[in-house]
There are 2 protein chains.
Amino acid sequence: MLTSSENEETFLATYNKREFDAPLMTVDPVLFTYHEGLLKVLLVKRSNYPDKGLWGLPGGFIDQDNDQTLEQTALRKLKEKTGVSPPYLEQLYTVGNAKRDKRSWSITICYTALIAHQICEAQISTVIDAKWIMLDDVSNMTLAFDHSHIINTARERLKQKALYSIVPAYALPETFTLPELQHLHEALLGKSIQKKSFRRRIDQAELLIDTGERRSMGSGRPAVLYRMKKDSGKYTFVRNLEN
Amino acid sequence: MLTSSENEETFLATYNKREFDAPLMTVDPVLFTYHEGLLKVLLVKRSNYPDKGLWGLPGGFIDQDNDQTLEQTALRKLKEKTGVSPPYLEQLYTVGNAKRDKRSWSITICYTALIAHQICEAQISTVIDAKWIMLDDVSNMTLAFDHSHIINTARERLKQKALYSIVPAYALPETFTLPELQHLHEALLGKSIQKKSFRRRIDQAELLIDTGERRSMGSGRPAVLYRMKKDSGKYTFVRNLEN
DNA sequence: CATTAAATATGTCTTTAGGACACTATTGTG
DNA sequence: CACAATAGTGTCCTAAAGACATATTTAATG
(Lines give C-alpha, C1' and ligand atoms only; values in the text may rest on other atoms or scores of the structure.)
Protein backbone atom coordinates (compact mmCIF):
# COMPACT_ATOMS: atom_id res chain seq x y z
CA MET A 1 0.00 0.00 0.00
CA LEU A 2 1.02 3.56 -0.63
CA THR A 3 3.72 2.35 -2.94
CA SER A 4 3.04 4.67 -5.82
CA SER A 5 1.32 7.70 -4.37
CA GLU A 6 3.43 10.73 -5.05
CA ASN A 7 1.38 13.66 -3.88
CA GLU A 8 -1.19 14.49 -1.30
CA GLU A 9 -4.23 13.86 -3.51
CA THR A 10 -3.03 10.43 -4.50
CA PHE A 11 -2.13 9.66 -0.95
CA LEU A 12 -5.52 10.53 0.45
CA ALA A 13 -7.30 8.51 -2.18
CA THR A 14 -5.18 5.53 -1.30
CA TYR A 15 -5.27 6.04 2.42
CA ASN A 16 -9.02 6.37 2.66
CA LYS A 17 -9.36 2.88 1.28
CA ARG A 18 -7.30 1.66 4.21
CA GLU A 19 -9.35 3.33 6.83
CA PHE A 20 -12.00 0.71 6.97
CA ASP A 21 -9.66 -1.43 9.02
CA ALA A 22 -7.66 1.24 10.82
CA PRO A 23 -6.59 -0.05 14.25
CA LEU A 24 -8.37 1.09 17.39
CA MET A 25 -6.27 3.80 19.03
CA THR A 26 -6.56 4.70 22.70
CA VAL A 27 -4.56 6.33 25.46
CA ASP A 28 -4.58 4.74 28.93
CA PRO A 29 -3.15 6.57 31.92
CA VAL A 30 -2.37 4.72 35.14
CA LEU A 31 -2.87 7.27 37.91
CA PHE A 32 -1.33 6.40 41.27
CA THR A 33 -1.65 8.05 44.63
CA TYR A 34 -0.55 7.32 48.19
CA HIS A 35 -2.93 7.77 51.08
CA GLU A 36 -2.98 6.46 54.63
CA GLY A 37 0.01 4.26 54.00
CA LEU A 38 -1.47 2.63 50.90
CA LEU A 39 -0.75 2.79 47.20
CA LYS A 40 -3.89 3.30 45.15
CA VAL A 41 -4.76 3.42 41.48
CA LEU A 42 -7.68 5.15 39.78
CA LEU A 43 -10.13 2.87 38.01
CA VAL A 44 -13.36 3.61 36.18
CA LYS A 45 -16.35 1.39 35.47
CA ARG A 46 -16.85 0.77 31.77
CA SER A 47 -20.26 1.76 30.47
CA ASN A 48 -19.83 0.51 26.91
CA TYR A 49 -19.10 -2.55 24.87
CA PRO A 50 -16.80 -4.38 25.23
CA ASP A 51 -16.16 -5.45 28.81
CA LYS A 52 -19.09 -3.31 29.88
CA GLY A 53 -19.44 -3.26 33.66
CA LEU A 54 -15.82 -4.18 34.31
CA TRP A 55 -13.41 -1.75 35.92
CA GLY A 56 -10.50 -0.47 33.89
CA LEU A 57 -8.11 2.40 33.31
CA PRO A 58 -9.49 5.91 32.79
CA GLY A 59 -8.45 6.03 29.12
CA GLY A 60 -10.13 6.72 25.84
CA PHE A 61 -9.86 7.66 22.21
CA ILE A 62 -7.80 10.52 20.88
CA ASP A 63 -9.89 13.54 19.98
CA GLN A 64 -8.15 14.71 16.83
CA ASP A 65 -10.02 18.00 16.77
CA ASN A 66 -9.01 19.07 20.26
CA ASP A 67 -5.99 17.03 21.36
CA GLN A 68 -2.75 18.30 19.87
CA THR A 69 -0.62 15.56 21.46
CA LEU A 70 -0.96 12.18 23.13
CA GLU A 71 -0.17 13.81 26.47
CA GLN A 72 -3.14 16.10 26.00
CA THR A 73 -5.37 13.10 25.49
CA ALA A 74 -4.06 11.52 28.69
CA LEU A 75 -4.55 14.75 30.65
CA ARG A 76 -8.01 15.30 29.23
CA LYS A 77 -9.18 11.84 30.26
CA LEU A 78 -7.73 12.26 33.75
CA LYS A 79 -9.31 15.67 34.16
CA GLU A 80 -12.70 14.27 33.24
CA LYS A 81 -12.48 11.90 36.20
CA THR A 82 -10.46 13.80 38.79
CA GLY A 83 -11.19 17.42 37.89
CA VAL A 84 -7.48 18.29 37.78
CA SER A 85 -4.28 17.64 35.84
CA PRO A 86 -1.71 15.52 37.65
CA PRO A 87 1.69 17.14 38.32
CA TYR A 88 3.51 14.08 36.95
CA LEU A 89 2.77 12.36 33.66
CA GLU A 90 5.22 10.15 31.79
CA GLN A 91 4.80 7.78 28.92
CA LEU A 92 5.03 4.16 30.01
CA TYR A 93 4.86 2.03 26.87
CA THR A 94 2.59 1.12 24.03
CA VAL A 95 0.75 -2.15 23.65
CA GLY A 96 -0.50 -3.10 20.23
CA ASN A 97 -1.65 -6.43 18.90
CA ALA A 98 -4.48 -8.25 17.21
CA LYS A 99 -5.84 -9.96 20.35
CA ARG A 100 -6.15 -7.45 23.18
CA ASP A 101 -9.49 -6.10 22.01
CA LYS A 102 -12.12 -8.45 20.64
CA ARG A 103 -13.27 -5.76 18.20
CA SER A 104 -10.11 -5.55 16.11
CA TRP A 105 -6.41 -4.83 16.05
CA SER A 106 -5.91 -2.41 18.91
CA ILE A 107 -3.22 -0.08 20.16
CA THR A 108 -3.04 1.81 23.41
CA ILE A 109 -0.39 4.28 24.51
CA CYS A 110 -0.02 3.99 28.28
CA TYR A 111 1.06 6.65 30.74
CA THR A 112 2.10 6.67 34.36
CA ALA A 113 0.68 9.58 36.33
CA LEU A 114 0.99 10.60 39.97
CA ILE A 115 -1.10 12.92 42.07
CA ALA A 116 -1.72 13.78 45.71
CA HIS A 117 -4.81 12.08 47.08
CA GLN A 118 -6.20 15.23 48.68
CA ILE A 119 -6.19 17.19 45.40
CA CYS A 120 -8.78 15.03 43.70
CA GLU A 121 -10.54 13.40 46.63
CA ALA A 122 -13.49 15.78 46.46
CA GLN A 123 -14.15 15.33 42.75
CA ILE A 124 -13.77 11.57 42.72
CA SER A 125 -16.09 11.01 45.64
CA THR A 126 -18.88 12.74 43.68
CA VAL A 127 -18.87 10.28 40.77
CA ILE A 128 -19.87 6.69 41.13
CA ASP A 129 -18.00 5.36 38.11
CA ALA A 130 -14.48 6.28 39.30
CA LYS A 131 -12.73 4.97 42.40
CA TRP A 132 -9.35 4.69 44.05
CA ILE A 133 -8.54 1.00 44.37
CA MET A 134 -5.79 -0.30 46.64
CA LEU A 135 -3.02 -1.62 44.45
CA ASP A 136 -2.87 -4.87 46.40
CA ASP A 137 -6.55 -5.51 45.65
CA VAL A 138 -6.16 -4.95 41.92
CA SER A 139 -4.41 -8.29 41.47
CA ASN A 140 -7.56 -10.04 42.68
CA MET A 141 -9.88 -8.18 40.29
CA THR A 142 -10.79 -8.97 36.72
CA LEU A 143 -10.19 -5.76 34.80
CA ALA A 144 -11.14 -4.78 31.26
CA PHE A 145 -8.82 -5.72 28.38
CA ASP A 146 -5.17 -6.15 29.47
CA HIS A 147 -5.41 -3.37 32.03
CA SER A 148 -4.21 -5.58 34.88
CA HIS A 149 -1.02 -6.20 33.00
CA ILE A 150 -0.58 -2.51 32.20
CA ILE A 151 -1.01 -1.59 35.87
CA ASN A 152 1.57 -4.19 36.89
CA THR A 153 4.01 -2.78 34.36
CA ALA A 154 3.42 0.75 35.62
CA ARG A 155 3.92 -0.35 39.20
CA GLU A 156 7.14 -2.14 38.30
CA ARG A 157 8.48 0.93 36.53
CA LEU A 158 7.58 3.14 39.47
CA LYS A 159 9.32 0.67 41.76
CA GLN A 160 12.48 1.02 39.71
CA LYS A 161 12.22 4.79 39.92
CA ALA A 162 11.95 4.53 43.70
CA LEU A 163 15.44 3.01 43.69
CA TYR A 164 17.16 6.03 42.22
CA SER A 165 14.76 9.00 42.19
CA ILE A 166 12.17 10.88 44.21
CA VAL A 167 9.60 10.79 41.40
CA PRO A 168 7.19 8.94 43.71
CA ALA A 169 6.99 12.17 45.74
CA TYR A 170 4.48 13.41 43.17
CA ALA A 171 2.00 11.03 44.77
CA LEU A 172 2.28 13.10 47.96
CA PRO A 173 0.93 16.58 48.79
CA GLU A 174 2.99 19.61 47.86
CA THR A 175 4.74 19.51 51.21
CA PHE A 176 5.65 16.24 52.85
CA THR A 177 8.04 14.78 55.39
CA LEU A 178 10.98 12.49 54.75
CA PRO A 179 9.43 9.66 56.78
CA GLU A 180 6.34 9.91 54.57
CA LEU A 181 8.44 9.73 51.43
CA GLN A 182 10.41 6.83 52.82
CA HIS A 183 7.26 4.88 53.66
CA LEU A 184 5.98 5.47 50.14
CA HIS A 185 9.23 4.15 48.71
CA GLU A 186 9.05 1.16 51.04
CA ALA A 187 5.51 0.44 49.87
CA LEU A 188 6.71 0.48 46.27
CA LEU A 189 9.80 -1.63 46.96
CA GLY A 190 8.00 -4.05 49.24
CA LYS A 191 10.70 -3.85 51.89
CA SER A 192 12.19 -1.50 54.43
CA ILE A 193 14.92 1.00 53.62
CA GLN A 194 17.83 2.13 55.78
CA LYS A 195 16.73 5.52 57.05
CA LYS A 196 20.22 6.96 57.13
CA SER A 197 21.10 5.89 53.58
CA PHE A 198 17.84 7.22 52.21
CA ARG A 199 18.25 10.62 53.84
CA ARG A 200 21.93 10.86 52.96
CA ARG A 201 21.28 10.31 49.27
CA ILE A 202 18.43 12.77 49.12
CA ASP A 203 20.41 15.36 51.07
CA GLN A 204 23.41 15.10 48.77
CA ALA A 205 21.31 15.38 45.64
CA GLU A 206 19.73 18.60 46.90
CA LEU A 207 16.33 17.72 45.47
CA LEU A 208 14.22 19.08 48.30
CA ILE A 209 13.67 22.44 49.96
CA ASP A 210 13.23 22.72 53.71
CA THR A 211 10.03 24.72 54.19
CA GLY A 212 10.98 25.56 57.77
CA GLU A 213 7.69 24.11 58.97
CA ARG A 214 7.14 20.93 60.90
CA ARG A 215 4.36 18.44 61.22
CA SER A 216 3.57 16.38 64.26
CA MET A 217 1.95 12.95 63.88
CA GLY A 218 0.49 12.52 67.34
CA SER A 219 3.28 11.82 69.75
CA GLY A 220 6.95 11.87 68.80
CA ARG A 221 9.25 14.49 67.42
CA PRO A 222 7.66 16.50 64.60
CA ALA A 223 9.10 15.93 61.13
CA VAL A 224 10.40 18.69 58.87
CA LEU A 225 8.19 19.49 55.89
CA TYR A 226 9.91 19.56 52.51
CA ARG A 227 8.91 20.69 49.06
CA MET A 228 10.31 19.42 45.74
CA LYS A 229 12.60 21.65 43.72
CA LYS A 230 10.39 21.65 40.64
CA ASP A 231 12.41 24.09 38.59
CA SER A 232 15.41 21.80 38.47
CA GLY A 233 13.62 18.98 36.66
CA LYS A 234 16.08 16.70 38.41
CA TYR A 235 14.79 13.73 40.35
CA THR A 236 17.63 11.25 40.69
CA PHE A 237 19.61 10.83 43.85
CA VAL A 238 22.20 8.26 42.93
CA ARG A 239 25.40 9.12 41.15
CA ASN A 240 26.07 8.23 37.56
CA LEU A 241 28.99 5.95 36.89
CA GLU A 242 31.98 7.18 34.93
CA ASN A 243 31.31 10.85 35.43
CA MET B 1 -18.28 9.17 20.77
CA LEU B 2 -19.09 5.60 21.58
CA THR B 3 -21.10 6.76 24.53
CA SER B 4 -24.18 4.68 23.97
CA SER B 5 -23.06 1.67 21.96
CA GLU B 6 -23.74 -1.44 23.95
CA ASN B 7 -22.95 -4.29 21.64
CA GLU B 8 -20.65 -5.10 18.82
CA GLU B 9 -23.06 -4.15 16.05
CA THR B 10 -23.74 -0.73 17.50
CA PHE B 11 -20.06 -0.22 18.11
CA LEU B 12 -19.04 -0.99 14.58
CA ALA B 13 -21.67 1.30 13.15
CA THR B 14 -20.41 4.10 15.31
CA TYR B 15 -16.76 3.34 14.85
CA ASN B 16 -16.87 3.18 11.10
CA LYS B 17 -18.03 6.78 11.00
CA ARG B 18 -14.87 7.72 12.85
CA GLU B 19 -12.55 6.00 10.49
CA PHE B 20 -12.52 8.72 7.95
CA ASP B 21 -10.18 10.66 10.20
CA ALA B 22 -8.37 7.83 11.96
CA PRO B 23 -4.81 8.87 12.79
CA LEU B 24 -1.91 7.65 10.68
CA MET B 25 -0.26 4.73 12.48
CA THR B 26 3.32 3.67 11.83
CA VAL B 27 6.15 1.78 13.48
CA ASP B 28 9.68 3.22 13.22
CA PRO B 29 12.68 1.14 14.26
CA VAL B 30 16.06 2.79 14.85
CA LEU B 31 18.63 0.14 13.94
CA PHE B 32 22.16 0.75 15.22
CA THR B 33 25.37 -1.03 14.50
CA TYR B 34 29.05 -0.54 15.28
CA HIS B 35 31.69 -1.00 12.63
CA GLU B 36 35.28 0.14 12.32
CA GLY B 37 35.05 2.20 15.47
CA LEU B 38 31.92 4.05 14.38
CA LEU B 39 28.31 4.04 15.42
CA LYS B 40 25.96 3.80 12.48
CA VAL B 41 22.22 3.92 11.96
CA LEU B 42 20.17 2.44 9.12
CA LEU B 43 18.33 4.95 6.96
CA VAL B 44 16.18 4.49 3.86
CA LYS B 45 15.34 6.91 1.10
CA ARG B 46 11.65 7.72 0.98
CA SER B 47 10.00 6.98 -2.35
CA ASN B 48 6.58 8.38 -1.53
CA TYR B 49 4.79 11.50 -0.45
CA PRO B 50 5.43 13.19 1.90
CA ASP B 51 9.11 14.05 2.25
CA LYS B 52 9.80 12.03 -0.89
CA GLY B 53 13.52 11.79 -1.56
CA LEU B 54 14.54 12.48 2.03
CA TRP B 55 16.21 9.83 4.14
CA GLY B 56 14.37 8.49 7.15
CA LEU B 57 13.85 5.53 9.44
CA PRO B 58 13.01 2.13 7.92
CA GLY B 59 9.48 2.13 9.29
CA GLY B 60 6.02 1.70 7.88
CA PHE B 61 2.39 0.93 8.43
CA ILE B 62 1.08 -1.97 10.45
CA ASP B 63 -0.16 -4.82 8.30
CA GLN B 64 -3.21 -5.92 10.26
CA ASP B 65 -3.61 -9.09 8.25
CA ASN B 66 -0.12 -10.39 8.88
CA ASP B 67 1.36 -8.58 11.88
CA GLN B 68 0.10 -9.96 15.16
CA THR B 69 2.01 -7.44 17.28
CA LEU B 70 3.82 -4.13 16.95
CA GLU B 71 7.13 -5.98 17.36
CA GLN B 72 6.28 -8.06 14.32
CA THR B 73 5.73 -4.91 12.31
CA ALA B 74 9.12 -3.58 13.40
CA LEU B 75 10.85 -6.86 12.57
CA ARG B 76 9.10 -7.14 9.23
CA LYS B 77 10.20 -3.68 8.14
CA LEU B 78 13.78 -4.35 9.24
CA LYS B 79 13.84 -7.67 7.47
CA GLU B 80 12.72 -6.03 4.23
CA LYS B 81 15.80 -3.83 4.31
CA THR B 82 18.46 -5.97 5.97
CA GLY B 83 17.31 -9.49 5.15
CA VAL B 84 17.49 -10.56 8.79
CA SER B 85 15.87 -10.02 12.19
CA PRO B 86 18.02 -8.13 14.70
CA PRO B 87 18.90 -9.99 17.92
CA TYR B 88 17.88 -6.97 20.01
CA LEU B 89 14.63 -5.05 19.67
CA GLU B 90 13.12 -2.90 22.41
CA GLN B 91 10.34 -0.38 22.38
CA LEU B 92 11.64 3.18 22.70
CA TYR B 93 8.63 5.48 22.94
CA THR B 94 5.65 6.66 20.98
CA VAL B 95 5.28 10.05 19.36
CA GLY B 96 1.82 11.23 18.50
CA ASN B 97 0.59 14.70 17.64
CA ALA B 98 -1.22 16.76 15.07
CA LYS B 99 1.87 18.36 13.51
CA ARG B 100 4.51 15.75 12.82
CA ASP B 101 2.98 14.65 9.54
CA LYS B 102 1.51 17.20 7.15
CA ARG B 103 -1.17 14.72 6.09
CA SER B 104 -2.98 14.42 9.42
CA TRP B 105 -2.75 13.50 13.07
CA SER B 106 0.00 10.91 13.17
CA ILE B 107 1.35 8.37 15.62
CA THR B 108 4.49 6.31 15.42
CA ILE B 109 5.68 3.65 17.82
CA CYS B 110 9.48 3.73 17.85
CA TYR B 111 11.88 0.88 18.57
CA THR B 112 15.57 0.64 19.26
CA ALA B 113 17.25 -2.28 17.50
CA LEU B 114 20.84 -3.50 17.42
CA ILE B 115 22.62 -5.79 15.01
CA ALA B 116 26.14 -6.80 14.01
CA HIS B 117 27.31 -5.01 10.91
CA GLN B 118 28.60 -8.15 9.20
CA ILE B 119 25.24 -9.93 9.41
CA CYS B 120 23.43 -7.55 7.09
CA GLU B 121 26.27 -5.96 5.17
CA ALA B 122 25.71 -8.16 2.13
CA GLN B 123 21.99 -7.48 1.83
CA ILE B 124 22.21 -3.75 2.44
CA SER B 125 24.93 -3.22 -0.11
CA THR B 126 22.63 -4.68 -2.80
CA VAL B 127 19.88 -2.10 -2.37
CA ILE B 128 20.35 1.54 -3.20
CA ASP B 129 17.58 2.91 -1.00
CA ALA B 130 19.05 1.73 2.34
CA LYS B 131 22.34 2.78 3.86
CA TRP B 132 24.30 2.78 7.09
CA ILE B 133 24.90 6.41 8.07
CA MET B 134 27.47 7.43 10.64
CA LEU B 135 25.60 8.69 13.68
CA ASP B 136 27.71 11.83 13.84
CA ASP B 137 26.68 12.72 10.29
CA VAL B 138 22.98 12.32 10.97
CA SER B 139 22.86 15.56 12.94
CA ASN B 140 23.90 17.43 9.78
CA MET B 141 21.22 15.83 7.60
CA THR B 142 17.61 16.84 7.07
CA LEU B 143 15.59 13.72 7.67
CA ALA B 144 11.94 12.97 7.00
CA PHE B 145 9.34 13.89 9.61
CA ASP B 146 10.75 14.07 13.15
CA HIS B 147 13.14 11.19 12.54
CA SER B 148 16.20 13.19 13.60
CA HIS B 149 14.63 13.71 16.97
CA ILE B 150 13.69 10.05 17.29
CA ILE B 151 17.23 8.98 16.47
CA ASN B 152 18.62 11.37 19.09
CA THR B 153 16.25 9.94 21.66
CA ALA B 154 17.25 6.39 20.77
CA ARG B 155 20.92 7.28 21.00
CA GLU B 156 20.42 8.94 24.37
CA ARG B 157 18.61 5.86 25.71
CA LEU B 158 21.33 3.58 24.42
CA LYS B 159 23.92 5.82 26.07
CA GLN B 160 22.14 5.39 29.39
CA LYS B 161 22.12 1.63 28.91
CA ALA B 162 25.87 1.72 28.29
CA LEU B 163 26.26 3.04 31.85
CA TYR B 164 24.80 -0.01 33.52
CA SER B 165 24.41 -2.82 30.99
CA ILE B 166 26.05 -4.64 28.12
CA VAL B 167 23.04 -4.27 25.84
CA PRO B 168 25.22 -2.40 23.31
CA ALA B 169 27.03 -5.71 22.76
CA TYR B 170 24.18 -6.68 20.42
CA ALA B 171 25.68 -4.23 17.94
CA LEU B 172 28.76 -6.47 17.81
CA PRO B 173 29.27 -9.89 16.18
CA GLU B 174 28.34 -12.98 18.18
CA THR B 175 31.85 -13.16 19.59
CA PHE B 176 33.74 -10.04 20.51
CA THR B 177 36.56 -8.85 22.71
CA LEU B 178 36.35 -6.71 25.82
CA PRO B 179 38.38 -3.89 24.23
CA GLU B 180 35.88 -3.86 21.37
CA LEU B 181 32.97 -3.65 23.77
CA GLN B 182 34.69 -0.93 25.75
CA HIS B 183 35.33 1.15 22.64
CA LEU B 184 31.68 0.81 21.68
CA HIS B 185 30.64 2.01 25.13
CA GLU B 186 33.09 4.88 24.88
CA ALA B 187 31.63 5.87 21.53
CA LEU B 188 28.16 5.94 23.06
CA LEU B 189 29.22 7.81 26.18
CA GLY B 190 31.47 10.22 24.32
CA LYS B 191 34.33 9.74 26.74
CA SER B 192 36.89 7.21 27.84
CA ILE B 193 36.20 4.58 30.48
CA GLN B 194 38.57 3.18 33.11
CA LYS B 195 39.54 -0.18 31.68
CA LYS B 196 39.88 -1.86 35.04
CA SER B 197 36.50 -0.68 36.34
CA PHE B 198 34.76 -1.73 33.16
CA ARG B 199 36.22 -5.23 33.20
CA ARG B 200 35.68 -5.68 36.93
CA ARG B 201 31.99 -4.91 36.68
CA ILE B 202 31.43 -7.16 33.71
CA ASP B 203 33.42 -9.96 35.34
CA GLN B 204 31.44 -9.78 38.57
CA ALA B 205 28.10 -9.76 36.77
CA GLU B 206 29.03 -12.95 34.92
CA LEU B 207 27.33 -11.79 31.73
CA LEU B 208 29.89 -13.17 29.29
CA ILE B 209 31.28 -16.56 28.40
CA ASP B 210 34.96 -16.99 27.60
CA THR B 211 35.01 -18.82 24.27
CA GLY B 212 38.63 -19.89 24.82
CA GLU B 213 39.59 -18.32 21.53
CA ARG B 214 41.61 -15.22 20.98
CA ARG B 215 41.81 -12.57 18.31
CA SER B 216 44.86 -10.61 17.33
CA MET B 217 44.55 -7.10 15.95
CA GLY B 218 47.89 -6.78 14.21
CA SER B 219 50.59 -6.47 16.80
CA GLY B 220 49.96 -6.65 20.51
CA ARG B 221 48.65 -9.32 22.81
CA PRO B 222 45.54 -11.01 21.36
CA ALA B 223 42.28 -10.35 23.18
CA VAL B 224 40.02 -13.08 24.51
CA LEU B 225 36.81 -13.58 22.55
CA TYR B 226 33.62 -13.60 24.59
CA ARG B 227 30.02 -14.49 23.87
CA MET B 228 26.93 -13.14 25.65
CA LYS B 229 25.03 -15.40 28.01
CA LYS B 230 21.77 -15.11 26.12
CA ASP B 231 19.77 -17.54 28.17
CA SER B 232 20.09 -15.44 31.29
CA GLY B 233 18.24 -12.45 29.84
CA LYS B 234 20.32 -10.39 32.23
CA TYR B 235 22.30 -7.45 30.94
CA THR B 236 23.03 -5.17 33.87
CA PHE B 237 26.39 -5.02 35.58
CA VAL B 238 25.85 -2.58 38.39
CA ARG B 239 24.33 -3.53 41.71
CA ASN B 240 20.83 -2.56 42.73
CA LEU B 241 20.56 -0.40 45.80
CA GLU B 242 18.81 -1.67 48.92
CA ASN B 243 19.05 -5.31 47.99
C1' DC C 1 67.18 -14.05 18.01
C1' DA C 2 67.04 -10.11 20.98
C1' DT C 3 64.70 -5.77 21.33
C1' DT C 4 60.96 -2.84 20.99
C1' DA C 5 56.33 -1.35 20.17
C1' DA C 6 51.64 -2.21 20.75
C1' DA C 7 47.94 -4.04 22.61
C1' DT C 8 45.67 -6.96 26.41
C1' DA C 9 45.24 -8.00 31.08
C1' DT C 10 45.98 -7.57 36.17
C1' DG C 11 47.55 -5.72 41.01
C1' DT C 12 46.75 -2.61 44.34
C1' DC C 13 46.06 1.60 46.74
C1' DT C 14 42.73 5.33 47.19
C1' DT C 15 38.24 7.30 47.25
C1' DT C 16 33.37 7.29 47.47
C1' DA C 17 29.11 6.01 49.01
C1' DG C 18 25.86 2.91 50.92
C1' DG C 19 24.72 -0.58 55.13
C1' DA C 20 24.25 -1.24 59.87
C1' DC C 21 23.09 0.32 64.04
C1' DA C 22 23.73 2.92 68.16
C1' DC C 23 22.79 7.24 69.72
C1' DT C 24 20.61 11.91 70.36
C1' DA C 25 16.52 15.11 69.90
C1' DT C 26 11.81 16.55 70.35
C1' DT C 27 7.28 15.88 70.94
C1' DG C 28 2.77 13.97 73.44
C1' DT C 29 0.82 11.26 77.32
C1' DG C 30 -0.11 9.17 81.78
C1' DC D 1 8.55 13.84 85.41
C1' DA D 2 9.23 9.45 83.39
C1' DC D 3 8.37 7.16 79.32
C1' DA D 4 6.83 5.97 74.82
C1' DA D 5 7.00 7.30 70.18
C1' DT D 6 8.76 9.35 66.33
C1' DA D 7 12.47 12.18 63.90
C1' DG D 8 17.01 12.83 62.98
C1' DT D 9 22.44 12.15 63.47
C1' DG D 10 27.27 9.98 64.32
C1' DT D 11 30.23 6.71 63.11
C1' DC D 12 32.31 2.53 61.87
C1' DC D 13 32.23 -1.06 58.34
C1' DT D 14 31.98 -2.76 53.76
C1' DA D 15 31.37 -2.80 48.80
C1' DA D 16 32.55 -1.05 44.62
C1' DA D 17 34.46 2.28 41.54
C1' DG D 18 38.67 5.47 40.22
C1' DA D 19 43.47 5.95 39.31
C1' DC D 20 47.39 4.26 37.70
C1' DA D 21 51.39 1.29 37.82
C1' DT D 22 52.77 -3.19 36.37
C1' DA D 23 52.84 -7.51 33.99
C1' DT D 24 51.73 -10.38 29.82
C1' DT D 25 51.62 -11.66 25.08
C1' DT D 26 51.89 -10.90 20.51
C1' DA D 27 54.01 -8.84 15.85
C1' DA D 28 57.58 -6.17 13.73
C1' DT D 29 62.30 -4.97 13.09
C1' DG D 30 67.05 -4.99 12.64
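In the text below, chain A, chain B and the rest are named by the order of the sequence lines, each starting its count at 1. Scope of the values below: all heavy atoms of this structure, side chains included, with no hydrogens, waters or symmetry mates.
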J.: Starting at CZ of A/R215 and ending at P of D/dG8, how long is that distance when rounded to a whole Å?
T.: 11 Å
J.: Which whole-number value in Å describes the distance from B/F198 CZ to D/dG18 P?
T.: 12 Å
J.: From the options C/dA9, D/dG10, C/dG18, select the nucleotide whose nearest atom is closest to the side chain of B/A223.
T.: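 Looking only at side-chain atoms, B/A223 lies closest to C/dA9.
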J.: Nearest to the side chain of A/R239 - C/dG19, D/dA17, C/dG11?
T.: D/dA17
J.: Tell me the interatomic distance from A/L178, atom CG, to D/dT6, atom P, rounded to whole angstroms.
T.: 17 Å
J.: With a 3.5 Å cut-off and just heavy-atom distances, do the side chain of A/K195 and the base of D/dG8 make a donor-acceptor pair?
T.: yes
J.: Go through the N and O atoms of the side chain of B/K196 and the base of D/dG18, and report whether any donor-acceptor pair is under 3.5 Å.
T.: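 Checked by distance alone, the answer is no.
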J.: Give the nucleotide from the list D/dG18, C/dT10, C/dA6 with an atom nearest to the side chain of B/S219.
T.: C/dA6
J.: Among D/dG10, D/dT24, D/dG8, find the nucleotide with the atom closest to the side chain of B/R221.
T.: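 Of all the options, the side chain of B/R221 is nearest to D/dT24.
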J.: In whole angstrom, give the distance that lies between atom CD of A/Q194 and atom C1' of C/dA20.
T.: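 Those two atoms, CD and C1', are 5 Å apart.
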J.: For the pair made of CZ in A/R199 and P in D/dA7, what is the distance, rounded to whole Å?
T.: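 Nearest whole value for this atom pair: 9 Å.
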J.: Relative to the 5' end of DNA chain D, which residue comes earlier, B/G218 or B/F237, by the nucleotide with the nearest heavy atom?
T.: B/F237
J.: Measure from the side chain of B/P222, starting at C-beta and using heavy atoms only, and say which of D/dT25, D/dG8, C/dG18 lies closest.
T.: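 Nucleotide nearest to B/P222's side chain: D/dT25.
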J.: Nearest of D/dG18, C/dG18, C/dT8 to any side-chain atom of A/Q204?
T.: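 The answer is C/dG18, which lies nearest to the side chain.
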J.: Return the value, rounded to whole Å, for the distance between atom CG of A/L208 and atom P of D/dA7.
T.: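 Atom CG in A/L208 sits about 16 Å away from atom P in D/dA7.
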J.: Roughly how many Å is it from CZ in A/R214 to P in D/dA7, rounded to a whole number?
T.: 13 Å
J.: Do you see a donor-acceptor pair shorter than 3.5 Å between the side chains of A/T175 and A/T211?
T.: no
J.: On DNA chain C, nearest-nucleotide positions of B/G220 versus B/Y226: which is more 5'?
T.: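 Between the two, 5'-proximity favours B/G220.
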J.: Quickly work out the B/H183 NE2 to C/dA7 P distance and round it to whole Å.
T.: 9 Å
J.: Checking contacts here: which listed nucleotide (D/dA17, D/dA27, C/dA20) is nearest the side-chain heavy atoms of A/R200?
T.: C/dA20
J.: Salt bridge check, B/E180 against B/R215: does any charged N sit closer than 4.0 Å to a carboxylate O?
T.: yes
J.: Return the minimal non-hydrogen interatomic distance between A/R100 and A/I150, and the atom names on each side.
T.: NH2-CD1, 4.2 Å
J.: Measure from the side chain of B/P179, starting at C-beta and using heavy atoms only, and say which of C/dT8, C/dT12, D/dC20 lies closest.
T.: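 Out of C/dT8, C/dT12, D/dC20, the nucleotide with an atom closest to B/P179's side chain is C/dT8.
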J.: Using a strict 4.0 Å threshold on nitrogen-to-oxygen distance, state whether B/R155 and B/D136 make a salt bridge.
T.: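 Judged by the 4.0 Å cut-off on N to carboxylate O distance, B/R155 and B/D136 do form a salt bridge.
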J.: Under a 4.0 Å N-O cut-off, is there an ion pair linking B/K81 with B/D129?
T.: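 Salt bridge: yes.
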